[in-house]
Amino acid sequence: MRAPVRAHAPPPRVNADGSGNAEITRRHGRPVPCGAFEYMRGPTGPARTFQVGELMHQPGAMPVPPTAPADGLTTGHVQLPPGGMVPAPAAPPGAAVPDTAHAGVAVLLIGPAGAGKTTVARHWAGLRPVPTAHISLDDVREWVRAGFADPRAGWDDRSEAQYRLARRTCGFAARNFMANGISCILDDAVFPDRPAVGLGGWKRHVGPGLIPVVLLPGLDVVLERNAARTGTRRLSDEEVATIHGRMAGWYGSGLPIIDNSRHDVPTTARMLDEAVARSLTSPPQW
């Protein structure tokens with residue numbers, strides 16, 4: 001059995017004459033050229049040194065990958081289609097109830113802190129029979145480490161700027177997932193009475209085909225779930241009550257609303273499927 005190939009990874013060295021053929025001395029005293037691999041045939045057998053290009057062409061060795069075209073439109077060697085706006089859903093002709101489980105969709109799950117958005121979205125995405133991604137705006141917003149604008153400290157220009165950046169990043173990811181045949185579900189606490197964090201931005205960044213669904217359990221349930229949170233996700237009871245009250249503005253909006261106060265996660269995910277199916281048949285006006 002062949003022994004594994006060990007790569008030497010010291011930084012390149014340059015000879016005094018400017019050439020790049022300087023040798024690097026190994027700890028066992030034998031010099032090995034820069035950019036080379038050492039191939040051992042046994043624990044005590046003779047060693048042979050290969051240059052990278054030579055090794056790639058040895059029988060059974062890893063093949064040399066082709067050179068990627070420098071057109072700026074490829075990732076690795078896979079051509080990606082342009083991530084355009086997600087088109088508005090259209091009911092398939094002759095189908096009374098669309099096949100939601102296999103449909104390519106982009107869903108936005110809306111709700112207050114503690115509504116269970118992330119848990120339900122992750123569960124729903126994980127059980128679909130087609131590739132589906134879950135994108136949480138809070139997760140993306142917390143990519144910022146140093147200088148993170150913690151919403152618990154108040155909503156100001158910095159926190160709004162970071163929110164807008166996270167929303168735009170989520171929209172970019174959703175369009176690219178959809179362009180490559182992967183459905184997605186996003187979750188965010190979108191307010192019905194505040195344009196800065198409203199549906200308009202999501203529609204602008206994802207497209208008119210985005211399907212919004214509201215998850216709105218009772219205040220007592222939201223407070224209980226929020227109390228079990230830790231870190232930046234946990235808010236004060238006053239903040240939770242205020243947000244929940246503002247979310248009530250979604251009633252009468254025409255968007256599908258799920259009250260999951262007395263439902264577990266799998267049941268809520270099935271209700272979400274039904275809401276998405278209705279939206280595919282008769283898209284809400286928003």
Side-chain angles (χ1 to χ4, degrees), residues 82-89 104-122 124-125 132-180 182-216 229 231-235 239-240 242-244 246-247 249-250 253-257 272 276 279 283-286:
M85 291 293 174
V86 177
V105 293
V107 178
L108 174 63
L109 196 57
I110 300 167
K117 302 184 300 297
T118 300
T119 303
V120 171
R122 186 182 295 117
W124 184 82
T132 305
H134 169 228
I135 307 170
S136 173
L137 181 131
D138 281 344
D139 289 346
V140 174
R141 185 164 56 174
E142 289 178 359
W143 287 355
V144 178
R145 307 307 296 172
F148 172 65
D150 193 335
R152 297 176 301 174
W155 190 265
D156 54 19
D157 291 343
R158 288 180 61 251
S159 54
E160 182 169 322
Q162 290 187 12
Y163 170 84
R164 289 175 179 271
L165 175 60
R167 183 177 60 187
R168 187 163 60 247
T169 302
C170 291
F172 177 81
R175 296 198 311 271
N176 277 279
F177 276 127
M178 291 291 291
N180 287 274
I182 300 176
S183 295
C184 61
I185 179 168
L186 309 102
D187 69 75
D188 181 25
V190 180
F191 291 98
D193 59 348
R194 189 166 187 176
V197 291
L199 278 179
W202 281 110
K203 187 174 184 178
R204 182 170 63 253
H205 294 306
V206 179
L210 183 65
I211 300 175
V213 179
V214 181
L215 199 62
L216 191 56
R229 290 180 159 192
T232 60
R233 302 294 176 91
R234 182 171 181 174
L235 305 177
E239 289 175 302
V240 172
T242 300
I243 293 172
H244 186 275
R246 294 176 66 181
M247 288 287 172
W250 287 118
S253 66
L255 298 185
I257 297 177
L272 176 58
V276 172
S279 294
Q285 301 300 314
W286 58 286

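All residue numbers refer to positions in the sequence shown, counting from 1. Below, each value reflects all heavy atoms present in this structure, side chains not excepted, and no hydrogens, waters or symmetry copies.
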Would you list the atom pairs, donor with acceptor, under 3.5 Å between side chains in residues 104-117 and any protein atom, with sequence neighbours excluded?
{"residue": "Lys117", "atom": "NZ", "partner": "Gly111", "partner atom": "O", "Å": "3.1"}
{"residue": "Lys117", "atom": "NZ", "partner": "Pro112", "partner atom": "O", "Å": "3.1"}

Exercise for the section: With side chain to side chain contact (heavy atoms under 4.5 Å, CB included) as the test, would you mind laying out the steps for Arg167 and Arg164 before giving the verdict? Expected result: CA-CA 5 Å; Arg167 183 177 60 187; Arg164 289 175 179 271; 3.8 Å; yes
Practice task
Name all residues meeting the side chain to side chain contact (heavy atoms under 4.5 Å, CB included) criterion together with Thr169; count only those two or more places apart in sequence or in a different chain, and write none if there are none.
Solution key: Val140, Trp143, Leu165
Exercise for the section: First locate atom CG of Asp157, then atom CD of Gln162, and finally report the distance between them rounded to the nearest 0.5 Å. Expected result: 11.5 Å
Handout entry: By side chain to side chain contact (heavy atoms under 4.5 Å, CB included) - contacts of Arg122 (at least two apart)
Key = Thr118, His134
Exercise for the section: Can you sort out the partners of Ala133 under side chain to side chain contact (heavy atoms under 4.5 Å, CB included), two or more places apart, ordered by chain and number? Expected result: Phe177, Ile182, Cys184
Exercise for the section: Test Leu272 against Ile185 for side chain to side chain contact (heavy atoms under 4.5 Å, CB included), laying out the working first. Expected result: CA-CA 11 Å; Leu272 176 58; Ile185 179 168; 3.8 Å; yes
Practice task
Please determine, by modelled atom types, if Asp138 and Tyr163 share a side-chain donor-acceptor pair under 3.5 angstrom.
Solution key: no
Handout entry: Of Leu186, Asp188, Val190, the residue whose pairing with Leu137 passes side-chain contact (heavy atoms from CB on, under 4.5 Å)
Key = Asp188
Practice task
For side chain to side chain contact (heavy atoms under 4.5 Å, CB included), just list the numbers for Leu199 and Leu210, CA-CA rounded to whole Å, side-chain angles, deciding distance to a tenth of an Å, and then say yes or no.
Solution key: CA-CA 10 Å; Leu199 278 179; Leu210 183 65; 5.6 Å; no
Problem - salt bridge (Lys or Arg N to Asp or Glu O under 4.0 Å) involving Arg168 - partner list, sequence neighbours excluded - result: none
Exercise for the section: Not counting sequence neighbours, which residues clear side chain to side chain donor-acceptor pair (under 3.5 Å) with Trp250? List them please. Expected result: none
Problem - Pairwise distance CZ(Phe191) to CD1(Ile243) - rounded to 0.5 angstrom - result: 4.5 Å
Exercise for the section: Return the minimal non-hydrogen interatomic distance between Glu142 and Arg145, and the atom names on each side. Expected result: O-NH1, 3.2 Å
Handout entry: Partner set under salt bridge (Lys or Arg N to Asp or Glu O under 4.0 Å) for Asp193, not counting sequence neighbours
Key = Arg246
Practice task
Quick one: pull up OG in Ser159 and CZ in Phe148 and give me the separation to the nearest 0.5 Å.
Solution key: 9.0 Å
